[in-house]
Amino acid sequence: MTISRFLISILALLLLISCSPVIQAEPLESSPTSDSISGAIPSNTPPAATAVPTHTPTPESQVVVLTPQQNNIVLTAMNLQLADNQARLTESASQIQTLSAESAALETQVALALAQAASSSQNTEKTNTGGGQQNNQEYDLPSNVYTVVTVDKATIFVANSTNDKGALIMEPYQPRVQLPPGTEAWVYKTAITADGGTIFYESYDPDGDVPDFKVYFRDSHIQIKPENSNPNPQNYPANVARAEILERYTLHTPVGYDKQGKPDMEAYKPYIHYDPGDRVIVIAEPVIATGGIPYYPVYDPDGNPSGFIRYNVLGFPLFWN
């Protein structure tokens, strides 16, 4: 073969190669070699991509996304509900307080009205009869009986036994019975020294309906009104008592009412002073003033008490005179 024919063959081969399509060889998947198993450094060939599993999207209404803000939202809602409950409780407490105040005011007004009505009734009776006699005059009282008025809550006592010296052992009647202050009653004149040295008086029933058992009043709960007293207790209402001033005191009078409906007391003007040992006639049922302090209305012949004396400066002797 000559050189020229050789060159022509080479050129033809090159032309054939240039006209044929280019086929890229795919990389062969490498298989583990003894080098990789033995811990040799892997080659720079990138690993095959991992297949991603398919996922069906969830509707937005069913998606729950937990975030730190959700705890704050729940706590805020609970605080708002708590505040609303507290507001309603406060409103209810205010309503209860208002009703209590109205009730206390009505109780005070009723007490004053009853006292005034009793005084007016007694004054009317004295005017109509001209004798100024109390209701007990409709009874024919025996000579061994006193008329009394309760100056405290008078508990009814009974004697169920005696001690080794023969003195009665007094016990409150059961169920317990108490007469309110200012109640007219009657007792036998003979005082009874019971067990412990306490003085009692046996009750007398002027309507003639003698009870099946004897009942007694404690001496500190009553005031005795003898007929020959001066001033004559027959000339006064049945619900009044004679009291003694224990210390210097200035007469008080209501000037308003507090939130509970109780009267606010201040010194009466012009000032009226009492000295220890002075005697006054008061309605035996006290009025509860501001702070829960009892005040006794001073008896006024017109039936409308205007002066009041604090309970702790008054003493009620056993006998009117």
Side-chain angles (χ1 to χ4, degrees), residues 107 110-111 114-115 118 122 133-229 233-234 236-244 246 281-288 292-296 311-321:
E107 290 176 358
V110 167
L114 289 175
Q122 293 294 333
Q133 302 299 308
Q134 296 188 25
N135 294 334
N136 64 1
Q137 292 306 298
E138 65 182 84
Y139 302 114
D140 184 15
L141 298 178
S143 59
N144 63 337
V145 170
Y146 283 132
T147 299
V148 303
V149 61
T150 56
V151 293
D152 199 350
K153 290 181 180 179
T155 301
I156 300 299
F157 286 85
V158 293
N160 294 323
S161 58
T162 59
N163 61 15
D164 54 1
K165 296 181 180 180
L168 297 176
I169 299 176
M170 299 292 187
E171 298 177 354
Y173 176 78
Q174 297 298 331
R176 182 164 297 198
V177 177
Q178 289 182 322
L179 301 181
T183 302
E184 186 178 48
W186 298 267
V187 298
Y188 289 101
K189 291 182 177 180
T190 302
I192 298 171
T193 303
D195 179 57
T198 305
I199 304 300
F200 287 85
Y201 285 85
E202 182 185 344
S203 174
Y204 168 78
D205 193 346
D207 63 8
D209 187 8
V210 180
D212 296 333
F213 51 89
K214 296 179 179 180
V215 297
Y216 302 86
F217 290 106
R218 189 172 180 174
D219 63 344
S220 59
H221 294 168
I222 62 175
Q223 184 175 85
I224 297 171
K225 298 179 175 180
E227 294 181 359
N228 58 351
S229 299
Q234 300 289 327
Y236 294 89
N239 65 335
V240 303
R242 200 163 182 221
E244 180 179 349
L246 303 178
I281 296 176
V282 300
I283 297 174
E285 184 175 3
V287 173
I288 307 302
I293 302 174
Y295 281 79
Y296 285 91
Y311 77 103
N312 60 340
V313 300
L314 284 179
F316 292 96
L318 178 59
F319 287 87
W320 169 280
N321 56 345

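Proximity of Asn144 to Thr190: side-chain heavy atoms (C-beta onward) are nowhere separated by under 4.5 Å. Contact of the Pro180 side chain with the Lys153 side chain is not registered, since no non-hydrogen atoms from C-beta on lie closer than 4.5 Å.
Among pairs with a residue in residues 173-183, those fulfilling side-chain hydrogen bond (donor to acceptor under 3.5 Å, both in side chains) read Thr155-Gln178, at least two apart in sequence or across chains. Residue pairs satisfying the side-chain hydrogen bond (donor to acceptor under 3.5 Å, both in side chains) criterion with at least one member in residues 192-204, sequence neighbours excluded, are listed as follows: Asn163-Asp195.
Environment of OH in Tyr311: sparse, with no more than 12 heavy atoms of neighbouring residues, nucleotides or ligands closer than 6.0 Å.
Annotation: ring-ring contact (aromatic ring centres under 6.0 Å, His included) contacts of Phe200 (sequence neighbours excluded): Phe157. Residues that satisfy the side-chain contact (heavy atoms from CB on, under 4.5 Å) test with Ala154, not counting sequence neighbours, are Thr150, Leu179, Phe217, His221. Legend: residues meeting side-chain hydrogen bond (donor to acceptor under 3.5 Å, both in side chains) with Asp164, ordered by chain and number and at least two apart, are absent. Scored by the side-chain contact (heavy atoms from CB on, under 4.5 Å) test, Asn228 finds Pro226 as partners (sequence neighbours excluded).
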For residues 314-321, dump all side-chain donor-acceptor pairs below 3.5 Å to protein atoms at least two apart in sequence or in another chain.
from   : atom 1 : to     : atom 2 : distance (Å)
Trp320 : NE1    : Pro231 : O      : 2.8

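Of all heavy-atom pairs spanning Val145 and Lys189, the tightest one is O-CE, 3.6 Å. Considering every non-hydrogen atom in both Val215 and Phe213, the closest pair reads CG1-CE1, 3.6 Å. In plain terms, the two heavy atoms of Ala194 and Leu168 that are nearest each other are CB-O, 3.4 Å. Of all the heavy atoms in Lys225 and Pro237, the pair that sits closest is NZ-O, 3.8 Å. Of all heavy-atom pairs between Val158 and Tyr216, the closest is CA-CD1, 4.3 Å. The nearest pair of heavy atoms linking Tyr296 to Ala284 is CE2-O, 3.2 Å.
With hydrogens and angles disregarded, a donor-acceptor distance shorter than 3.5 Å links the side chain of Gln223 to the backbone of Arg242.
With values rounded to the nearest 0.5 angstrom, Trp186 atom CH2 is found 14.5 Å from Ile224 atom CD1.
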side-chain contact (heavy atoms from CB on, under 4.5 Å), that's the test. Do Val240 and Val149 meet it? Break it down for me. CA-CA 7 Å; Val240 303; Val149 61; over 6 Å; no

